[in-house]
Protein chains: 2
Amino acid sequence: MISGLSDLELAKREPIVNAALKEFARKGYDEASTNEIVREAGVSKGLLFHYFHSKKELFLFLVDYTLEIIQREFVDLINTEERDIFARYRQAALLKIDMIARHPYVFDFIGVAALTESAQVKEAIQSRTHTLLALSLSRFFDQMDTSRFRPGIDVKRAMRIIIWTMEGYERAAQQELQTKTVSQLDYDAFLADFDAYIDVLKGCFYQ
Amino acid sequence: MISGLSDLELAKREPIVNAALKEFARKGYDEASTNEIVREAGVSKGLLFHYFHSKKELFLFLVDYTLEIIQREFVDLINTEERDIFARYRQAALLKIDMIARHPYVFDFIGVAALTESAQVKEAIQSRTHTLLALSLSRFFDQMDTSRFRPGIDVKRAMRIIIWTMEGYERAAQQELQTKTVSQLDYDAFLADFDAYIDVLKGCFYQ
DNA sequence: AACCACATTGACCAGACTGGTCAATAGAAT
DNA sequence: ATTCTATTGACCAGTCTGGTCAATGTGGTT
């Protein structure tokens, strides 16, 4: 539970929260407009500042909010027992695409927030994001099983190629999600497509 | 020669042009500030509007300017006789990284310009960018020689993996260029590194 | 009905910033 | 000294900023 808010209180904040995530993700802290947020959320200006007493407080709330979602619906669900790089990535990529479908702006927001240069929030952000991001990333990459690679393969570069492929696929999938609506049929075809890419990579690097 | 300007006239505009490319690339048309441009360029407000009579005219000048640079220093230098996908991509990637070192904001600017939603310039932009981008992209991808791929390889997906790897490498290189200065020593090491990636991919897909 | 507690509104504020203007100045060439 | 252009920066009206607050709406309790 974030900041000890009840479910009711969170539910009432939701239109504002979603609109704010979108606006901050698009424009960053300084360039984001509270007027645009309330317009998008369909509420009055006063209400935003009734719930969140300042733009800065709203932004910092969103950092906690998104980190909590990422932790709960992404990081915690990754099976760290799985040491095979493809199985691990497949799992992570599918979880991430799932999350983007449900919370379209969460990853974009936290990415923008973590890199913000705005003096007003920079310090407060870094202490919060560094913990999770550094920890979860290092945990994600460490202790990967590379024993199944073909002998003679340049493992370091092979892993980077795998990562870039996953990132590329993710970007393509995200772009498609922005236009189409999510349906089960799409999902099956999409999954088969994704697995086909993994098969190509496996055929490359595994013996 | 752009708009029939002499070399002297172009040279005097240069600080403004570079500052404007940077500002538009970062913020897009609407959010970019002419005040920020003149501050970065180190010239007075009046001078900008003496050379370019409006923000819109400045922006459209930059579109022509960058398209001409891209054409002259990138598109025209690509050897379309080369049908091998790796040789072609190696050539293009190296040209592009060269260009980013010399004109850091040109590709970012034209990317932002081509996708701008701003009503004021959208129409004028699209007629200019579509010609070059569509043509050069299609020419780049067509007639690629795939005969050297190992039999049984999923060629379509293999090509996408190659593209995503090139894009990933390019992003990494661009990020490094932003911090370090360009020196020949770096360049040799970088080229060897890049070729090592190509070798890994060739080992994957070629027989 | 009367009262209360709280949710919600939107007109309003001072101040910052916007693209753009223009009379005044600086500097070079004659 | 004169004339030319290159360059400046104070200034403009207008828009947008984050934030305030008295007023109004709403639903529940007596």
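Chain letters run A, B, ... following the sequence lines, proteins first, then strands; residues in each count from 1.
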- prompt: Rounding to a whole Å, what distance do you find between Asp30(B):CG and dT17(D):P?
  reply: 12 Å
field: Interatomic distance, Glu31(A) CD vs dT18(C) C1' [rounded to whole Å]
entry: 13 Å
message: If you count heavy atoms of other groups shown closer than 6.0 angstrom to CZ of Arg26(A), is the number above 12?
response: no
- line: Tyr29(B) atom OH is separated from dT18(C) atom P, nearest whole Å, by 14 Å
- request: Can you figure out which of dA6(D), dG19(C), dG18(D) approaches the side chain of Phe49(A) most closely?
  value: dG18(D)
Under-4.0 Å salt bridge between Lys22(B) and Asp108(B): no
query: Between the base of dG20(C) and the side chain of Lys55(B), is there any donor-acceptor pair under 3.5 Å?
result: no
- prompt: Taking only side-chain nitrogens and oxygens of Ser44(B), does any of them come within less than 4.0 Å of OP1 or OP2 of dG9(D)?
  reply: no
Single hit among Phe59(A), Phe61(A), Tyr65(A) for ring-ring contact (aromatic ring centres under 6.0 Å, His included) with Phe109(A): Phe59(A)
Protein-nucleotide distance (Leu47(A), atom CG; dA22(D), atom P), rounded to Å: 18 Å
- request: Using a 4.0 Å heavy-atom cut-off across all strands, classify Tyr51(A) as base, sugar-phosphate, or nothing.
  value: sugar-phosphate
- prompt: Within the pair Thr34(A) and dG18(D), is there a side-chain N or O less than 4.0 Å away from OP1 or OP2?
  reply: yes
task: Verify the contact: side-chain N or O of Asn35(B) to OP1 or OP2 of dC17(C), cut-off strictly under 4.0 Å; return yes or no.
output: no
query: Tell me: NZ of Lys27(A) to C1' of dT17(D), nearest whole Å?
result: 12 Å
query: Gln120(A) has an atom CD; how far is it from atom P of dT17(D), in whole Å?
result: 15 Å
message: Go nucleotide by nucleotide along DNA chain D from the 5' end; which of His50(B) and Ser33(A) gets its closest nucleotide reached first?
response: His50(B)
- prompt: Whole Å only: how far is the CD atom of Glu36(A) from the P atom of dT15(D)?
  reply: 17 Å
- request: Whole angstrom is fine here: how far is it from NE2 in His53(A) over to C1' in dT20(D)?
  value: 14 Å
message: With a sphere of 6.0 Å drawn around CD of Gln120(A), does it hold more than 12 non-hydrogen atoms of other residues, nucleotides or ligands?
response: no
Please list, one pair per line, the donor and acceptor atoms closer than 3.5 Å that link side chains of residues 159-167 of chain B to other protein atoms, with sequence neighbours excluded.
residue, atom, partner, partner atom, Å
Thr165(B), OG1, Ile161(B), O, 2.9
Glu167(B), OE1, Arg171(A), NH2, 3.1

message: Of the listed nucleotides (dG20(C), dT9(C), dT7(D)), which one gets closest to any side-chain atom of Val43(A)?
response: dT9(C)
